[in-house]
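Read the structure below first, then the notes.
Numbered from 1 within each chain, the chains take letters A, B, ... in sequence-line order.
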2 protein chains.
Amino acid sequence: MFAEENFARDTLTPCGQPDHEDCGLRLVLDRLGEKWTVMTMAELAAGPRRYRVLQRALQGITQRMLTLTLRRLERDGLVSRSVEPTNPPSVTYALTHRGETLAALVVGLVDWSRAHKNGIEASQAAFDMRRDD
Amino acid sequence: MFAEENFARDTLTPCGQPDHEDCGLRLVLDRLGEKWTVMTMAELAAGPRRYRVLQRALQGITQRMLTLTLRRLERDGLVSRSVEPTNPPSVTYALTHRGETLAALVVGLVDWSRAHKNGIEASQAAFDMRRDD
DNA sequence: CCGCATCCGGGATGATACTG
DNA sequence: CAGTATCATCCCGGATGCGG
């Protein structure tokens, strides 16, 4: 009870609860941690895309992973999937409103990554230097 | 140990394509995707912490994962590690300036997660419903 | 008190082939 | 074009024990 009374954090702590799992963080982080999720959302942030277009844009992704990634995003209500019963069928994916709000944050991460790429690589190199010597 | 466990090997995806700018994104996303990285940064965002304090705060983390997480953050120049040669030794971790700028974005994700937790769970339930029928 | 090493399993990822 | 299905692989991360 008094063991962890040092909880003066107001905004930053995940949830301030003993159990961090239920703050919903994992719900998002696990998805974001998947290999193609962020890049897929970034691509969709530019506008709706058809399956094949996405596959071409996300160089290196397999059909299986693209389908899997889109399904999970759809399940979370972040992406919508609309089928036009033409021949051959045409499936278009787009961000939902919820997806767009998350995508906005994701874009922040993307920008940060680009801005700090060199610095991070330098830090890593320095760190490895110190170790390998 | 860390050098041989190759951190840098598979962090870069092909991405040699002109259209997509993901190189450097993985550098950050892979780190953020790790299970404890975000919560660790969130905890450190509230102020410097000693090893044992972190372990208590991040309920459920093992020593191995805490050490691994901190090492990787240190390698990226996001966290600093300072040892005071007291007896027993005292090791304190803190966010670097770079780490603080990233932590600010991470906080955005945390807030977003909390705000959308219920909505996401509802979407998932609805999605699973439709599927099971 | 702080940190490192070994063993191991599960799940995410990948490769390939096939279908409406 | 837009997926499924199956099999193989690989790495994260958990449990545990040792060492400074």
At under 4.0 Å, does any side-chain N or O of A:R64 touch on OP1 or OP2 of D:dA5?
no
For D:dC1 and A:R50 - does any side-chain N or O of the residue sit under 4.0 Å from the phosphate oxygens OP1/OP2?
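It does not, given that no N or O in the side chain of A:R50 lies less than 4.0 Å from OP1 or OP2 of D:dC1.
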Kindly point out which of [options] is positioned nearest to the side chain of [X]?
{"X": "A:Y51", "options": "C:dC2, D:dG3, D:dA15", "answer": "D:dG3"}
{"X": "B:T62", "options": "C:dC2, D:dA15, C:dT13", "answer": "D:dA15"}
{"X": "A:Q63", "options": "D:dT4, D:dG14, C:dG14", "answer": "D:dT4"}
{"X": "B:K35", "options": "C:dG14, D:dG13, D:dA2", "answer": "D:dG13"}

Using the test side chain to side chain contact (heavy atoms under 4.5 Å, CB included), find all partners of A:T86 that sit at least two apart in sequence or belong to another chain.
A:E84, A:S90
By side chain to side chain contact (heavy atoms under 4.5 Å, CB included), which residues pair with B:T37, not counting sequence neighbours?
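Expected list: B:R31, B:L32, B:E34, B:M41, B:T69, B:L73.
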Distance col, row B:R72:CZ vs B:T67:OG1, nearest 0.5 angstrom, shows 10.5 Å
How many whole angstroms separate atom [atom1] of [X] from atom [atom2] of [N]?
{"X": "A:Q55", "N": "D:dG3", "atom1": "CD", "atom2": "P", "value": "11 Å"}
{"X": "B:L66", "N": "D:dT16", "atom1": "CG", "atom2": "C1'", "value": "17 Å"}
{"X": "A:L58", "N": "C:dT13", "atom1": "CG", "atom2": "P", "value": "13 Å"}
{"X": "A:L68", "N": "C:dA15", "atom1": "CG", "atom2": "P", "value": "15 Å"}
{"X": "B:M65", "N": "C:dT6", "atom1": "CE", "atom2": "P", "value": "17 Å"}
{"X": "B:R26", "N": "D:dC11", "atom1": "CZ", "atom2": "P", "value": "15 Å"}
{"X": "A:I61", "N": "C:dA15", "atom1": "CD1", "atom2": "P", "value": "12 Å"}
{"X": "A:L32", "N": "C:dA12", "atom1": "CG", "atom2": "C1'", "value": "16 Å"}

Taking only heavy atoms on the protein side, list every residue of residues 69-93 of chain A lying under 4.0 Å from any atom of DNA chain C, sorted numerically.
A:R72
Minimal non-hydrogen separation, [X] against [Y], with atom names:
{"X": "A:L58", "Y": "A:M39", "answer": "CD1-O, 4.3 Å"}
{"X": "A:E100", "Y": "A:L95", "answer": "CG-CB, 3.8 Å"}
{"X": "B:T92", "Y": "B:R50", "answer": "OG1-CG, 3.6 Å"}
{"X": "B:H116", "Y": "A:T101", "answer": "NE2-OG1, 3.8 Å"}

Scan for ring-ring contact (aromatic ring centres under 6.0 Å, His included) pairs involving residues 50-98 of chain A, sequence neighbours excluded, and state none if there are none.
none
Tell me which one of B:E74, B:R75, B:R98 satisfies side chain to side chain donor-acceptor pair (under 3.5 Å) with A:S123.
B:R98
Could you list the donor-acceptor pairs under 3.5 angstrom formed between side-chain atoms of residues 102-109 of chain A and any protein atom two or more places apart in sequence or on another chain?
none

The helix from C:dC1-D:dG20 to C:dG20-D:dC1: angle between its terminal axes, five pairs each, to 10°?
50°
What contact category does B:E34 fall into here, base, sugar-phosphate, or nothing, at under 4.0 angstrom with non-hydrogen atoms?
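Sugar-phosphate: the residue B:E34, judged by heavy atoms under 4.0 Å, touches backbone atoms but no base.
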